[in-house]
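Report on one structure; see the data block that follows.
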Amino acid sequence: MPELNTITKTVIVTSALPYANGQIHLGHIASTYLPADIYTRYIRLSGLTVYHVCASDDFGTPILIRSEKEKKTPSDYVSYWNRRDLKDFQSLAINFDLFSRTSSPENKSLVQSIFNKLQSNGYIYEKEVIQPFCPVDKKFLPDRFVVGTCPNCGAEGQYSDLCENCGKVPEEILDPKCWICGSVPIKRSSNHYFFQLSKFSDKLRDWLIKNSNLQEDIKKYVLNWINNGLVDWDITRDIEWGIPIPTSDANGKVFYGWFDNHICYISSLLILAEEHKKDGKQLWNESAIFHFIGKDIVYHHYLFLPAIRLGIDQEYKLPDYLPTRGHLLLKNKKLSKSRNWYISIEDFTQRFETDYLRFYLASITPYSQDDVNFDWDTFREKINNELIANVGNFINRTLTLIQNNFASSVPKISKLESYDNEAIDRIHTIGTEVGTKIESNHLNRALMDILAFSSFLNSYFQHKKPWSSSSVDTTLYISVNAVRTLAIVLAPFIPNSSEKIWYQLKLGDSVHKQEWSSSGVLRIAPGHVIGKIVPLFKKIDKETIEKLQIEMTGK
RNA sequence: GCCGGGGUAGCUCAGCAUGGCCAGAGCGUUCGACUCAUAAUCGAAAGGUCGCGGGCUCAAGUCCCGCCCCCGGCACCA
């Protein structure tokens, strides 16, 4: 189990780069961005310096073709999606210290210098490849852009890299056609650069085995890939939209997107370091590096990315952690934009509070590559019965009683009974319990601990009967301090609501500027006057969900 | 086909590495209590052949063998 107390330096968190050709959806949020944001918020509250960087992935054939169809320059096209994605992230309170782009000048120059170093270290070679070329569009066509009939099962209209009907990868697709214009592609030869991934098999194996911070089950199948023999990577693309390969005979060829996009983690951090007047390379190499990803890009992050860093003599160090999570399913079916089976960020934020999504997704997403199911009925039940009835209710009943019976002034503490001592003890320890789980990336379990804490408090409150008994003051004093504790430990998960709690407690400043360890201190003193109390959450009624299900199905 | 993960209460899952208190949690269900609180809360109960079959052991959900079933990955998809 990784423990944060071993990390004493700066932490660098990166989230996988969204491809700049369409909206991000709930699946991306659940697997990558929300876990990274929760983690970052927690580290920040713990008092360490943390940088969360991300960027839009701007290059590639799909973007080039889409921008042409929309009669925009690729540059304008990706700028739009860069801003749009950022807006979506912000609407979910997912914050970055920098949201850059792979097409930034800084990334271009770093990518080219890394290529040069790989080349001088002898890890790059050239080879002729024969590729389909569309004579009408005057483009080389990646596999995805050649459609035809599957030679295995005879299904028509299949991509040349995968038959969706029989699931096989066709050797050579029959009756090939250009996906863009429908004409028949011809074969054309082109000189490409290859990265010698195969040379790194032993070093990658060593790194995987030695790095105990990586998830064991993922390690197993990555090791299996290595044992089956790694294949060198073609890092060249014959298109005009990308980072130019810096050789005299490259003839306008550009890098393949997966060569340049992960380097953007580093170039973004360098930009940020510059802003903070720090030595970027030193900062990178002294920090704990976390790359949050979804399981679809395991290959690239567990093999390709570390191999390239090994290939430049670890000028920039390898990742310490690669938190990897599975995909989100909607009603047990895979999300698919082309089939309109997905939930966009807007779909959600137009209807519900941001924190409802964060709470729900965090509570159902484990630290593993298992897929999780998004279900509207479960969503409603979890929000109403766990977040609102348990946590919201405890906060509300505590604060309301102080407001109504004590003129909003926190009462004095008197004689402590064993139940009071137990409650105080729980306040002391909850921060460490939750923190340990967040540090080991078990965010769902951390949230369960918070719910158990809140449940305990409801039970404590119920037994002490502060609305009638003689020990009213002590109970309310402890309870209001427990509310403060809840605000802090919930802050990484539901930041907006935590801030509302903080405001109602009238503690000044922001909950996000507190110290995590202070969650264990009873810092609200008797006599403190709290603010105006309003319910934090609104329950989701059944009709809303039923209506929504009908709307979403018809989408 | 190969590789990986999994099959434990109605649902979602923990427990299995280092076999041993009556097999656990949350949600749901039923009954009772309370009324400060968003009909929220508190207490209690019901509910399980731990996929199937065999084996090792004083003892197996936990180890070994076989079988069945489910899910995911199979590499340039950006």
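Proteins come first, then strands; the chains are lettered A, B, ... in the order of their sequence lines, and each starts at number 1.
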Does [X] reach a base, just sugar-phosphate, or nothing at all? Heavy atoms under 4.0 Å.
{"X": "K539(A)", "value": "base"}
{"X": "N384(A)", "value": "nothing"}
{"X": "H327(A)", "value": "nothing"}
{"X": "K465(A)", "value": "nothing"}
{"X": "V298(A)", "value": "nothing"}
{"X": "S455(A)", "value": "sugar-phosphate"}
{"X": "F59(A)", "value": "nothing"}
{"X": "F461(A)", "value": "base"}

Decide if atom OH of Y503(A) counts as having more than 12 heavy atoms of other residues, nucleotides or ligands within a radius under 6.0 Å.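 Incorrect, the count does not exceed 12.
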With a 4.0 Å limit, can you tell me whether S459(A) has a side-chain N or O closer than that to the phosphate oxygens OP1/OP2 of rG43(B)?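 Looking at the OP1 and OP2 atoms of rG43(B), one of them is under 4.0 Å from a side-chain N or O of S459(A).
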So, is K295(A) near the phosphate of rG73(B), with a side-chain N or O under 4.0 Å from OP1 or OP2?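 For rG73(B), OP1/OP2 do not have a side-chain N/O of K295(A) under 4.0 Å.
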Once rounded to the nearest 0.5 Å, what's the spacing between atom OG of S479(A) and atom CD1 of I395(A)?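 These two atoms lie 11.5 Å from each other.
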What about Y299(A): does its side chain form a donor-acceptor pair under 3.5 Å with the base of rA75(B)?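 By the distance-only test, yes, there is a pair.
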Any luck finding a side-chain donor-acceptor pair between S414(A) and T474(A) under 3.5 Å?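 Yes, a side-chain donor-acceptor pair sits under 3.5 Å.
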Please work out which of the three classes, parallel, tilted or perpendicular, describes the rings of W233(A) and Y256(A), given edges at 30° and 60°.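 Tilted: the ring planes of Y256(A) and W233(A) meet at 30° to 60°.
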Candidates rC36(B), rG5(B), rC42(B) - which lies nearest the side chain of H463(A):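 Selected nucleotide: rC42(B).
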